[in-house]
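Beneath this line is the structure, given in structure tokens, with notes to follow.
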Amino acid sequence: MWRKLQPVIAITPALARYAGRDLAEFPVTDIADLRADYGAWNSLGMSDEELRGLAAASEQGTAVGELSAGWSTGTGGGARGLFLASPAERADYIGQSLARLLPARALLKRQRLALHLRASNALYSDVGRGRFTFAHFPLEASIEQSIEELAQFEPTILIAPPHRLAAFAQAGAHFPSLQHLFCGSEPAGEAECHFFTERLGVRPRQIYQATEGFLAAECANGRLHLNDHAMAIELEPVPGTPGYRPIITDLRRTSQPIVRVRGDDYLELDACSCPCGFAGRVIHAPQGRVNDIWRFEGRTVTPPLVVAALEAVLGGDNIWQAEAGPERVVLHLSSRYPAAISTTISASISTTSATTAARALSQACDLPVPVEVVHDLSAWSGPKRRKVVWRDG
């Protein structure tokens, strides 16, 4: 697959000088450098300005030729990436996605697929053919409106970010036809996934996808496998932790070649084998970014440690954000869920629970700084949430 990719690399400005070499001889590129000039990272001779215009038109629902471009959901800090795909690449993406996410019997039945993300794109909507009916439900809509419209659509498949699934679960949403539930675009903890299962009636499976490609999917056994059949994902050790950050090469992408692009996510390998038969390496679901690892003097705390410590006390049905800096940790909690979400469920976090959560976080993570609790969260806003945050000024 790498050899077949060389002619495309030879006409991609950022990579052309390395065409024909082994993958290890290519430089590692940070995402920020790729995003600085998309014109250098496509094989179609398109400029950065043209690609940004194409993505902007797509956001407004305007089709420009057969190529599709669009913007990612973002990092939680505002940065978004541009992706580009030809009709053949979209077909390949849909085929891989359906094969990795749905059992064979589901492909033979009529399905109604609801995509609840910030924006739609031909990358997803092309699936709406034959037995599949597709509909996009934007995140900008209120919880009540989204629930009403989804109920009318009667999805059998729903893809949504965890913070919206949490709101649906708290609101008592019920989708009787739902058979397959997937969450992506942001991390979800084990306790949170269990909460979704209890309230929505279907166990969610996680999708790990970025602008740089379709990186991993959860199998029927609940294990998250890297898509090693289509990507060369190198794991770069993160100093002071047992984890890695991915260096991504997509072996099937030609319009916008992705070769040794360093990702932002913090990953940890799962040492246990999986009986499902898929050969992709197994990882734990990402819980945060490398830049959000807490680095105190003499002590490093990873996002999975923070999530595990807080979910053990708060469960999966509470809104929280843990924000750390060199001198303190601030645990942002909600006093209650807003009335717009639920008028019947009391989800207040008592002072006792808040104190217990702060103590548990401090002890489990062996924090060298104090933990301050602030009740200032009502609901997650924006297209993406960050539950674990590091700010060093």
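Computed over heavy atoms, backbone and side chain alike; hydrogens, waters and symmetry mates excluded.
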About how many Å separate [atom2] of [Y] and [atom1] of [X], when rounded to the nearest 0.5 Å?
X: T355; Y: R359; atom1: OG1; atom2: CZ; answer: 6.5 Å
X: L82; Y: W41; atom1: CG; atom2: CH2; answer: 14.0 Å
X: Q363; Y: D366; atom1: CD; atom2: CG; answer: 10.0 Å
X: L267; Y: R289; atom1: CG; atom2: CZ; answer: 10.5 Å
X: L84; Y: L54; atom1: CG; atom2: CG; answer: 7.0 Å

> CZ of R17: more than 12 outside heavy atoms within 6.0 angstrom?
Replying inline: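 No, the 6.0 Å shell around CZ holds no more than 12 heavy atoms from other groups.
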> So with a 6.0 Å cut-off around NE2 of H194, is the heavy-atom count from everything else above 12?
Replying inline: no
Are a donor atom and an acceptor atom from the side chains of [X] and [Y] found within less than 3.5 Å of each other?
X: S86; Y: E66; result: no
X: H225; Y: E218; result: no
X: Q111; Y: T133; result: no
X: R3; Y: Q6; result: no
X: R164; Y: H116; result: yes
X: Y38; Y: E49; result: no
X: Y208; Y: D265; result: yes

Going hydrophobic residue to hydrophobic residue with side-chain gaps under 4.5 angstrom, can you get from [X] over to [Y]?
X: V389; Y: I319; value: no
X: L115; Y: I207; value: yes
X: L23; Y: M1; value: yes
X: M46; Y: I258; value: yes
X: F137; Y: I143; value: yes

Taking 4.0 angstrom as the limit, do [X] and [Y] come out as a salt bridge?
X: R112; Y: E154; answer: no
X: R260; Y: E234; answer: yes
X: R385; Y: E192; answer: yes

> Which one of I293, D292, L361 satisfies the side-chain contact (heavy atoms from CB on, under 4.5 Å) criterion with V306?
Replying inline: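 Result for side-chain contact (heavy atoms from CB on, under 4.5 Å) with V306: L361.
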>> Given R295, which partner from the list D392, V301, T300 fulfils the side-chain contact (heavy atoms from CB on, under 4.5 Å) test?
In response: T300
Backbone of [Y] reached by a side-chain donor or acceptor of [X] within 3.5 Å:
X: R52; Y: S47; value: no
X: D270; Y: C272; value: yes
X: H180; Y: T156; value: no
X: R386; Y: G288; value: no
X: D30; Y: A32; value: no
X: Q287; Y: A188; value: yes
X: W294; Y: P303; value: no
X: T12; Y: L15; value: no
X: S177; Y: P155; value: yes
X: D37; Y: G39; value: yes

>> A cation-pi test, strictly: NZ or CZ of R100 under 6.0 Å from the centre of the six-membered ring of F278 and no more than 45 degrees from its axis. Yes or no?
In response: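 Relative to the ring axis of F278, which defines the angle, R100 lies inside both limits.
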